Amino acid sequence: MTEFTVKIADELFALCCGQENTKARFADYLTDETGGTALYASRQRRAAVRQLLEQNPDRRNTDLSPNYIEFLALHQCISYALIEKQVLLVHGSVVVADGEAVLFIAPSRTGKSTHTRLWTELPDAHAFVINDDKPLIRIGEQAPTVYASPWGIVTAPKQRSAPLKALVHLQRGENRIAAVEPHTLLVPLMKACQRGRTQAETIALTNLQGSLLCSVKTYTMTCQPDMAAAEMAYNTIIKGRTE
């Protein structure tokens, strides 16, 4: 067994792993601090993760190695433990521009990653992607803060958090963006978040989602995978310009 401590979303987790190589997957999040929530991936949880991977219709690119399965199982353990810390896991892509973060949510293959990558090519935005798949968002009395996580593509490992300014529901179509009332994004946000395993977790998740929507600017956007869309979104959300 291998034991080590990680710091994720400013929370400590003491992990116990059966696979020695699993630790390497948390390399950027290892800490010498002590304490935190003790977690391990049970045999049943690992078996459930393996079953999900085996059901992937495209098995050619599926990693079924024991340490990867344990890594994903620990991902589930940590994400559920974070609910009690007022931290929400979201399937989305987060770009930081001029020091402020924007979260894009949409079904897979809609173009979230392509759109946020285009932001990084804007000449004056100083933009980078902080997490491209599974960011974490802390909701509290202060403005929400978005964090990178060990899961998903992280292109800025030296900066793992930023204040969250806006949430955008992305769809394909002509390049258009519009501010919307927060409640209109509740269903898309719920679909982008993990589901509660119990009634108490479901209630806690719903409360966090509602608090998040009321704490940031909310938009719907349709776009093409081009620079014009990135410029439009950046100017509207970050610069506050309207066409």
Side-chain angles (χ1 to χ4, degrees), residues 57-58 61 88-137 139 143-149 151-157 159-194 208-243:
D58 184 7
N61 298 320
L88 187 65
L89 170 74
V90 183
H91 172 57
S93 185
V94 176
V95 63
V96 177
D98 297 345
E100 297 180 297
V102 181
L103 168 63
F104 291 87
I105 58 172
S108 297
R109 304 182 185 276
T110 300
K112 299 185 300 295
S113 300
T114 299
H115 181 74
T116 52
R117 177 182 57 78
L118 288 169
W119 277 54
T120 67
E121 298 176 15
L122 293 171
D124 300 320
H126 310 290
F128 60 89
V129 176
I130 200 169
N131 190 281
D132 195 37
D133 190 39
K134 296 180 176 64
L136 297 163
I137 303 171
I139 295 101
T145 302
V146 64
Y147 294 84
S149 77
W151 306 275
I153 299 172
V154 181
T155 59
Q159 181 172 340
R160 298 201 184 98
S161 66
L164 183 63
K165 181 171 188 175
L167 171 64
V168 184
H169 183 219
L170 198 66
Q171 296 175 293
R172 290 184 179 179
E174 296 181 12
N175 290 343
R176 294 179 181 175
I177 187 169
V180 295
E181 292 296 323
H183 71 270
T184 63
L185 296 191
L186 180 57
V187 172
L189 179 59
M190 291 176 68
K191 291 181 178 179
C193 295
Q194 67 207 90
L208 287 176
Q209 292 156 3
S211 296
L212 172 61
L213 289 172
C214 292
S215 302
V216 298
K217 295 183 178 180
T218 47
Y219 299 85
T220 58
M221 179 176 174
T222 57
C223 70
Q224 295 294 309
D226 55 30
M227 286 300 299
E231 290 174 357
M232 176 187 70
Y234 169 71
N235 286 331
T236 301
I237 300 169
I238 301 297
K239 293 301 185 181
R241 299 170 186 164
T242 57
E243 297 297 333

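Quick caveat: nothing in here was measured; it's all calculated off a predicted structure.
In this structure, L164 CG and L212 CG are separated by 6.5 Å, a value rounded to the nearest 0.5 Å. Here the straight-line distance linking atom CD of Q209 with atom CG of L189 works out to 5.0 Å at 0.5 Å rounding. Here the OH-CG distance, from Y219 to L167, works out to 11.0 Å after rounding to the nearest 0.5 Å. F104 CZ to D132 CG: the interatomic distance, rounded to the nearest 0.5 Å, is 11.5 Å. The CD1 atom of I130 sits 11.5 Å away from atom CG of L103, with the distance rounded to the nearest 0.5 Å. Between the CG atom in N131 and the OG atom in S93 there is a gap of 7.5 Å [rounded to 0.5 Å].
Of all the heavy atoms in H91 and A106, the pair that sits closest is CD2-O, 4.2 Å. Considering every non-hydrogen atom in both P225 and T114, the closest pair reads CB-CG2, 3.9 Å. Smallest separation of non-hydrogen atoms from A230 and W119: CB-CD1, 3.8 Å. Heavy atoms only, all atoms of each residue included: A148 and L136 are closest at O-CD1, 4.2 Å. The two residues A166 and I237 have their closest heavy-atom pair at CB-CG2, 3.6 Å. Of all heavy-atom pairs between A127 and V95, the closest is CB-CG2, 4.1 Å.
Side-chain contact between Q171 and T220 is absent, with no heavy-atom pair separated by less than 4.5 Å. Side chains of V94 and V102 form no contact here, defined as non-hydrogen atoms less than 4.5 Å apart. The closest side-chain heavy-atom distance from V168 to I105 is not below 4.5 Å. In this structure the side chain of N175 never reaches within 4.5 angstrom of the side chain of M221, judged on heavy atoms. Inter-residue side-chain proximity for P144 and V216 is flagged as met; some heavy-atom pair is nearer than 4.5 Å. The side-chain heavy atoms of T145 and P163, taken from C-beta on, include no pair separated by under 4.5 Å. Side-chain contact between L89 and K134 is present, with heavy atoms from C-beta onward closer than 4.5 Å.
For S215, there are no side-chain hydrogen bond (donor to acceptor under 3.5 Å, both in side chains) partners at least two apart in sequence or on another chain. For P182, the side chain to side chain contact (heavy atoms under 4.5 Å, CB included) test picks out L213, T218, with sequence neighbours left out. Not counting sequence neighbours, the partners of D98 by the side-chain hydrogen bond (donor to acceptor under 3.5 Å, both in side chains) test are Y234, K239. With sequence neighbours left out, the side-chain hydrogen bond (donor to acceptor under 3.5 Å, both in side chains) criterion links Y147 to D10. In terms of the side-chain hydrogen bond (donor to acceptor under 3.5 Å, both in side chains) criterion, H169 has no residue partners (sequence neighbours excluded).
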(request) Evaluate side-chain contact (heavy atoms from CB on, under 4.5 Å) for H126 paired with V96, printing each intermediate quantity in order. (result) CA-CA 8 Å; H126 310 290; V96 177; over 6 Å; no
(message) Let's go through C223 and L170 carefully: what are the C-alpha distance in whole Å and the side-chain angles of both, what is the deciding distance for side-chain contact (heavy atoms from CB on, under 4.5 Å) to 0.1 Å, and is it a yes or a no?
(response) CA-CA 8 Å; C223 70; L170 198 66; 3.7 Å; yes
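Remark: the backbone N or O of K112 is not paired with any side-chain donor or acceptor of T110 at under 3.5 angstrom. A donor-acceptor pair under 3.5 Å is absent between the side-chain atoms of T184 and the main chain of V180, judged by distance alone. A donor-acceptor contact shorter than 3.5 Å is absent between the side chain of T236 and the backbone of A233. The backbone N or O of G173 lies less than 3.5 Å from a partner atom in the side chain of Q224, making a donor-acceptor pair.
Listed by first then second residue, pairs satisfying salt bridge (charged side-chain N to carboxylate O under 4.0 Å, His left out) with a partner in residues 162-186 read E100-K165, E174-R176, not counting sequence neighbours.
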